[in-house]
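Accompanying notes for the structure given below.
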Amino acid sequence: MYPFGKFNSQEYIKMKKVLSLLLTVLFCAGSLGLMAGCDNTTSDFERIQANGKMVVGVTLYEPMDYQDENGEWIGFDADLAKMMAQEWGVTAEFTIIRWNNKVAELNSRNIDVIWNGMTADEELGRQIDFSVSYAENMQVAVIQSSNASTIYDVDTVKAAQIAVERGSAGDTVATETLNAGSLNRVDSQLNALLEVEAGTSDVALIDYTMAYSVVGKGDFSNLMIVDTDAVSFEREVFAVGLRKGSDLTARINALFKEYYADGTLASLAEKYQGVALNDDALSAL
C-alpha cells in the first residue's frame, strides 16, 4: 500500500522535472539579487582590472582627500590612490561615503578600498584588512579663538558641547575616553568644524592631520587648536582598508615599500603639510 496513492513513474518523472525547473529559477533569481555585490572574477585585483577602475571610498578630509577648484580629487591619499591605480592600468574613481557605513560599503563592493586617513584600530581590524600603516595621527580639540580662556584642558573640553564625526576616532575619544555628556554627532570632520565655527558646538574633536591643514586659515581663521601638550588623545596610525583576504593588500604594500624607498611618500608629505609618515612601519616593509 502506498500512503499517498499508487506510484506512477510517469507522474514522478514529470514532478522531478517541475521541481528541477523551480529550483533553477530560484537559484537564478537569487544570483541576480546578488549581482550588485558579486561577480565572476576570482580576486579584487582582477575585478578592478575588469572594471577598468578602482573605486575609492572617501570623505572630504583635507589634506588627505579633497577637491580643487575644478572638482578634481587631490590630497595625500587621493594622489597615492591615483598613482597606484595608474601602476595597475586602471583609474581611481572617488566616491563620498558615510563614514559610519564604511565597512558595509566595502563588503558590499560598492567601493574597492577605504582610503581616507583611516585609523587602523583593533575593533575595525576584526571586520576588514589593513595595508601597512603609512602615517601617524592623534585626536585634537579645535575651538573658537575667543574661547581660549575657558576651554584649555581635558576637563574644560569634557564639559563643553563637543562635535564629532559619527563613527570616527574622535567619536570614540568623546564617548569612551572623555565620557562626554554633551555630544553632537555629524556626518564629517568638516561639519564638526563648521559646528564650532557657527557656535552651535564649543569643541570639535578631529584628526590633527586635518586640523593642522585648515584651522586658522580661510573659513576657519577664527578657530584654533587647543595646546596639544594639554589636550591630545592617543597616537593613531593610518592605513588603507580592504576586504578580508583581499589580494590588493599585498600589491598596495609593495607599492608603499617602493614609494617610501624612492622618496615619493616624503615628497607627498612635504606637499601636503601636516601628514606625518609612519617611518617605523614603512621602513620595516
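In this text the structure is predicted, and so the values were computed from the model without any measurement.
Between E236 and D207, the shortest heavy-atom distance links the atoms OE1-OD1, 4.0 Å.
Looking only at atom types and distance, the side chain of N110 has a donor-acceptor partner in the side chain of S108 under 3.5 Å away. A donor-acceptor pair shorter than 3.5 Å cannot be found between the side chains of S145 and N222.
A donor-acceptor contact shorter than 3.5 Å links the side chain of D77 to the backbone of G117. Side-chain atoms of S168 come within 3.5 Å of backbone atoms of G170 as a donor-acceptor pair (strictly under, hydrogens ignored).
No more than 12 heavy-atom neighbours from other residues, nucleotides or ligands sit within 6.0 angstrom of NZ on K257. In this structure, N100 places its CG atom where more than 12 heavy-atom neighbours from other residues, nucleotides or ligands lie under 6.0 Å away. More than 12 heavy-atom neighbours from other residues, nucleotides or ligands sit within 6.0 angstrom of CD on E87. For CZ of R166, the number of neighbouring non-hydrogen atoms (other residues, nucleotides, ligands) closer than 6.0 Å is greater than 12.
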Side chain to side chain contact (heavy atoms under 4.5 Å, CB included) assessment of E195 paired with V164: CA-CA 9 Å; E195 291 288 326; V164 295; over 6 Å; no
Stepwise salt bridge (charged side-chain N to carboxylate O under 4.0 Å, His left out) check, K53 with D112: CA-CA 9 Å; K53 63 184 179 181; D112 296 309; over 6 Å; no
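For residues 246-255, the side-chain hydrogen bond (donor to acceptor under 3.5 Å, both in side chains) pairs, not counting sequence neighbours, are S43-D247, D44-S246.
You'll find the side chain of L183 reaches within 4.5 Å of the side chain of T175, heavy atoms only. Using a 4.5 Å heavy-atom threshold, the side chains of V196 and F220 count as separate. Between L190 and M210 there is a side-chain heavy-atom pair separated by less than 4.5 Å. Using a 4.5 Å cut-off on side-chain heavy atoms (C-beta onward), R98 and D187 make contact.
Y66 and Y272 have perpendicular rings, their planes meeting at more than 60° on a 0 to 90° scale where under 30° would count as parallel.
Checked for salt-bridge contact, R243 and D129 miss the test: no charged N lies under 4.0 Å from a carboxylate O.
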